[in-house]
Every structure is written in C-alpha cells, then in structure tokens.
Chemist: 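Supplied in structure tokens, the structure appears directly below.
Computed from a predicted structure; not experimentally measured.
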Amino acid sequence: MRMVDLIEKKRNGRELSKDEIKFMIEKYTNGVIPDYQMSAFAMAVYFQDMTTNERAHLTMAMVESGDQIDLSAIDGIKVDKHSTGGVGDTTTLVLAPLVAAVGVPVAKMSGRGLGHTGGTIDKLESVPGFHVEIDNEEFIRLVNANKVAVIGQSGNLTPADKKLYGLRDVTATVDSIPLIASSIMSKKIAAGADAIVLDVKTGAGAFMKTVEEAEELAKAMVEIGNQVGRQTMAVISDMSQPLGYAVGNALEVKEAIDTLKGNGPKDLEELCLALGSHMVYLAKKAPTHEEARKQLKEAIENGKALETLKLFLKAQGGDASVVDDPSKLPQARFKFELEAKESGYVSGIIANEIGTAAMLLGAGRATKESEIDLAVGLVLRKKVGDKVQQGESLVTIYSNKEDVQEVVGKLYEAYSISSQPVEAPPLIYKEIKE
C-alpha cells in the first residue's frame with residue numbers, strides 16, 4: 001500500500017477501505033508518512049468529503065492510535081457529554097452532580113481551557129483544595145462510590161488526532177465536517193463512554209455559525225457514534241449570546257451552585273435539563289425523556305443534586321463549604337458596572353467579544369503558558385430581549401486591576417441596543433437522535 005495511491009483515490013472521490021484508512025493513520029502516527037502527504041489527503045477530504053463508513057473507520061483508527069480508557073469496572077452505563085464550546089458554557093459543572101444525583105455514573109475526563117475562560121478543570125480548581133490528579137484506580141473507586149468524579153486528560157489518548165489537528169490548523173482544512181466529527185468522536189470513544197450526548201453550539205460565539213452547519217456536524221457525529229456501537233444523540237443549542245450570566249472561573253462555579261439550588265439562569269437550567277434527560281435516558285435510568293427530566297427536576301428541588309456536588313468536591317480534596325458560602329471562592333478586588341449609554345432593548349450580544357473581554361481580564365489563556373486569574377470575569381445583567389434604561393448596568397466587571405478601559409471598549413462593541421422590542425433567540429433549535 002502506498003500513501004500516494006490513497007491520496008489519488010480520495011482526490012478522485014472514491015471510497016477508502018477500513019484497511020487503507022487504518023494503514024494511513026498508523027503510518028502517519030509513527031512518522032512513516034510525512035506531513036506533506038497527510039496535508040494533501042486532508043485537502044482531498046475537504047473537497048471530496050467522506051462516506052459514513054469512511055468517517056467511522058477514520059474515527060476508530062484514531063482511537064486505536066493510542067491508549068483507550070477501560071471503564072468496565074464502573075457499575076452501570078457510562079454516558080459522556082461533549083459540548084463544542086462557547087462563552088459561559090457552565091453545563092458540565094451543573095450536569096455532573098445533577099445526573100449523578102439520579103444514579104447515572106459520570107466518569108468525566110476534562111481539559112484545561114485555551115481561550116475565553118478556563119476549561120472545566122480550571123473552573124473546578126476555583127474551589128480551594130480541589131484537584132484532579134488522581135490515578136485511574138481512585139477515579140473508578142470514586143465513581144462507584146459517589147457516581148461522579150473528574151480526572152485530567154492524561155496518557156496517550158488519540159495521538160493521531162493531535163498530530164492531524166495541528167496539521168489541519170496550518171493547511172486551511174480545519175472546517176471539514178468529516179475531520180471535525182472524527183476528531184471529536186475519537187476522543188470521546190477513547191475516553192471509554194458507553195453512550196454520548198453532544199451539545200453542538202450554533203451562532204456568533206460558536207464554531208458553527210449557522211443552524212444548518214451545526215446540524216450537518218451533529219448528524220455526522222451521531223452517525224459515527226451509532227455506527228461504532230456507542231449510542232449517540234445531539235442537541236443543537238444557541239451560542240449567539242453567552243449561556244447563563246457568568247463568564248469566568250469562580251463566577252461560573254457560583255452560577256452552577258445557584259442553578260443546582262434552583263436559582264440559576266433559566267437558559268442554563270433548561271439546557272442542563274435537556275442534556276441531562278438524554279443522559280439519564282441513555283443510561284436506562286428512565287423509560288422516557290419526560291420521566292428522566294422529572295427525576296432531574298426533583299433532584300434539584302429536594303436538594304439531592306446539591307448534596308452530590310458537595311460529596312464530589314470533598315472527595316477530590318475540595319472545600320465543600322463553598323456550596324453554602326460561595327464567598328469562600330476566589331474574589332476579585334475591584335468591581336465596575338458597564339452602564340447602558342441609551343434606553344431601549346438589547347438586540348444583540350456578540351458572544352465572542354464578551355469572551356475576549358473576559359480573557360483581557362485574565363479569566364482565560366491567550367497561550368498555553370498563560371496563567372489564569374480564577375477570581376475575575378463578567379456577569380451579564382441584561383441579555384437579548386431585555387429592556388434597559390440609560391445608566392442601568394449591562395455587565396458587572398470583576399477585575400484585579402484598576403484599569404479596565406480596554407475591557408469596557410470590548411463590551412460596548414459586544415452590545416447593541418434597539419428602540420424596538422426584540423425577541424430572544426431560541427435556546428434549543430433541534431435534537432438529533434439518529
């Protein structure tokens with residue numbers, strides 16, 4: 001088998017076999033196939049697409065290129081959730097304890113963030129003492145005991161994907177549906193989940209800007225998951241404006257606590273109930289999605305979800321008393337209000353600009369070496385559709401530096417105000433189950 005023949009075959013729009021794809025990924029991972037040939041192949045895929053079979057074969061070849069986590073020692077059906085990312089995406093902090101509270105094992109492998117705010121691990125580390133440096137044995141023990149644990153990404157998971165992703169970044173082949181879908185799904189499958197719920201974002205703050213693009217990606221990932229024996233479904237949700245109100249690490253932890261108490265932002269709670277009901281249903285803990293949702297709402301109302309959060313934080317060294325007293329979370333020294341320059345209705349919030357403003361405060365990493373300030377960030381006071389009076393606060397800025405002029409400028413760029421009433425965008429556009 002020669003790589004040049006496989007490039008030509010794909011360039012001409014023909015289907016590659018499982019063995020051909022496995023050969024290519026194996027040899028590329030081992031350094032036998034050079035970057036320039038894999039670049040040519042990625043470009044051929046960009047223009048010619050891949051069949052459903054090819055996408056599944058590519059995903060599994062990337063899964064098999066490195067370590068795979070064995071979660072078989074954990075009782076029950078393990079359901080993982082993946083979000084394609086956005087601004088103020090606090091869902092994991094709410095979902096992990098909420099779904100665990102109704103008996104679904106949540107064995108979560110999470111990463112650190114690069115961009116607007118920290119990743120799930122950075123956010124959780126806002127809780128004093130909390131750590132994810134636990135070995136696999138302890139991870140499995142904690143999930144069996146408490147139904148929830150979070151571990152950092154470790155080992156040599158999907159090295160082929162890491163290598164190929166770096167190449168796509170510099171060859172203008174990032175936005176190829178088969179390459180995006182196989183990249184995401186390979187990581188989820190290697191992490192050992194039995195079933196997968198995907199939250200595919202759409203809008204200005206998302207990678208997929210239109211509902212049609214998001215639907216195409218969601219369908220591709222659901223097809224791959226189901227084809228390789230993992231029950232998979234997807235929700236397409238809005239990211240034209242930030243989710244919830246908080247953007248920042250400790251601020252998002254506080255918002256997650258409020259949501260588990262039943263006092264959180266309605267959009268965040270609704271998305272968590274939608275995603276969570278699918279997780280509970282796929283884990284066979286409820287006969288219908290409606291029953292699953294009812295169980296989750298009860299877990300919030302009777303305090304079980306909050307107790308599970310305390311148990312989870314304490315088990316991984318965290319100070320669980322922050323749940324009752326969020327003032328123990330890192331606090332910023334300065335607080336500023338961004339005042340509306342005119343009266344009217346919020347007609348748009350550019351999520352990416354909000355994210356950039358949070359990063360300028362230090363809530364995210366511009367580079368892998370950047371240090372995150374866990375205390376800083378933003379809390380939105382007005383969202384799309386809300387009425388606002390001149391001088392009223394649009395956003396509260398939490399900062400550890402006195403000069404926030406650059407941040408203020410970004411926030412004013414992000415908000416648009418109309419004289420006419422505006423409808424808020426829908427939160428969930430579609431659900432894709434097969």
Side-chain angles (χ1 to χ4, degrees), residues 71-84 89-110 120 139-140 142-150 185 188-189 191-200 218 221-222 225-226 229-237 243-244 256-257 259-262 264-312 315 427-428 430-434:
L71 300 179
S72 59
I74 295 172
D75 302 328
I77 297 168
K78 280 71 71 182
V79 186
D80 201 353
K81 185 272 309 182
H82 176 80
S83 165
T84 57
D89 189 9
T90 315
T91 48
T92 297
L93 300 179
V94 178
L95 272 174
L98 176 58
V99 172
V102 301
V104 176
V106 181
K108 192 87 186 114
M109 179 178 283
S110 290
T120 299
F139 178 55
I140 286 165
L142 286 175
V143 180
N144 277 329
N146 304 331
K147 292 295 176 204
V148 57
V150 172
M185 293 304 289
K188 292 287 109 184
I189 291 160
D194 299 317
I196 301 160
V197 174
L198 301 159
D199 178 14
V200 181
M221 292 193 290
V222 169
N226 290 331
R230 305 293 197 281
Q231 265 198 292
T232 308
M233 65 78 52
V235 168
I236 297 172
S237 69
L243 181 66
I257 293 166
T259 305
L260 290 167
K261 286 177 178 172
K266 288 298 153 213
D267 58 346
L268 176 60
E269 182 183 299
E270 178 52 39
L271 184 57
C272 288
L273 288 171
L275 295 169
S277 62
H278 288 298
M279 292 172 78
V280 174
Y281 175 76
L282 290 180
K284 294 188 166 44
K285 290 288 180 184
T288 63
H289 291 91
E290 293 70 29
E291 173 58 30
R293 186 186 176 92
K294 192 173 151 216
Q295 286 181 27
L296 294 171
K297 281 194 78 101
E298 278 173 8
I300 292 173
E301 285 158 12
N302 64 24
K304 202 168 174 197
L306 209 61
E307 285 310 308
T308 305
L309 174 64
K310 289 181 187 175
L311 199 63
F312 159 54
L427 175 65
I428 293 171
K430 263 184 180 172
E431 295 186 347
I432 291 163
K433 294 172 186 170
E434 54 188 12

Chemist: So, do Val197 and Leu282 sit near enough that their side-chain heavy atoms are less than 4.5 Å apart?
Modeler: yes
Chemist: Just wondering, are more than 12 heavy atoms of other shown residues or ligands nearer than 6.0 Å to CZ in Phe312?
Modeler: yes
Chemist: Just wondering, do Leu306 and Lys261 contact through their side chains at under 4.5 Å, heavy atoms?
Modeler: yes
Chemist: Using the side chain to side chain donor-acceptor pair (under 3.5 Å) criterion, which residues pair with Thr90? Sequence neighbours excluded.
Modeler: Glu252
Chemist: Can you tell me how far CD of Glu270 sits from CG of Leu243, rounded to the nearest 0.5 angstrom?
Modeler: 11.0 Å
Chemist: Does atom NZ of Lys294 have more than 12 heavy-atom neighbours from other groups under 6.0 Å away?
Modeler: no
Chemist: For residues Ser277 and Leu273, determine if any side-chain heavy atom of one lies less than 4.5 Å from a side-chain heavy atom of the other.
Modeler: no
Chemist: Can you give me the closest heavy-atom contact between Phe139 and Lys108, atom names plus distance?
Modeler: CZ-N, 3.8 Å
Chemist: Does the distance from a Lys or Arg side-chain N to an Asp or Glu carboxylate O, for Glu290 and Arg293, drop under 4.0 Å?
Modeler: no
Chemist: Between Ala315 and Leu142, what is the shortest heavy-atom contact and its length?
Modeler: CB-CD2, 3.7 Å
Chemist: Between Ala256 and Leu93, which heavy-atom pair has the shortest distance, and what is it?
Modeler: CB-CB, 3.6 Å
Chemist: Report yes if the side chains of Ile196 and Gln231 come closer than 4.5 Å at any heavy-atom pair, otherwise no.
Modeler: no
Chemist: With sequence neighbours excluded, what pairs up with Arg230 under the side chain to side chain donor-acceptor pair (under 3.5 Å) test?
Modeler: none
Chemist: Ignoring hydrogens, what is the shortest heavy-atom contact between Leu311 and Asn146? Give both atom names and the distance.
Modeler: CD2-OD1, 3.6 Å
Chemist: Check whether any side-chain heavy atom of Val200 sits under 4.5 Å from a side-chain heavy atom of Met221, and report yes or no.
Modeler: yes
Chemist: Any non-hydrogen side-chain atom of His278 less than 4.5 Å from a side-chain atom of Val79?
Modeler: no
Chemist: Any salt bridge linking Lys81 with Asp199? Criterion: basic side-chain nitrogen under 4.0 Å from a carboxylate oxygen.
Modeler: no
Chemist: More than 12 heavy atoms of other residues, nucleotides or ligands under 6.0 Å from NZ of Lys310: is that the case?
Modeler: yes
Chemist: Show which side-chain atoms of residues 96-103 pair as donor or acceptor with protein atoms under 3.5 Å away, not counting sequence neighbours.
Modeler:
none

Chemist: One pair to check against side chain to side chain contact (heavy atoms under 4.5 Å, CB included): Leu95 and Met279. What are the steps and the verdict?
Modeler: CA-CA 9 Å; Leu95 272 174; Met279 292 172 78; 4.3 Å; yes
Chemist: Would you check if Pro265 and Thr259 make a side-chain contact, meaning some heavy-atom pair closer than 4.5 Å?
Modeler: yes
Chemist: Are Glu269 and Lys266 close enough for a salt bridge, meaning some N to O gap below 4.0 Å?
Modeler: yes
Chemist: Less than 4.5 Å apart, any side-chain heavy atom of Thr232 and any of Met185?
Modeler: yes
Chemist: Provide the closest heavy-atom pair for Glu431 versus Ile428 in the form atom of the first, atom of the second, distance.
Modeler: CG-CG2, 4.5 Å
Chemist: Nearest 0.5 Å, what's the CD1-CG distance between Ile257 and Leu309?
Modeler: 6.0 Å
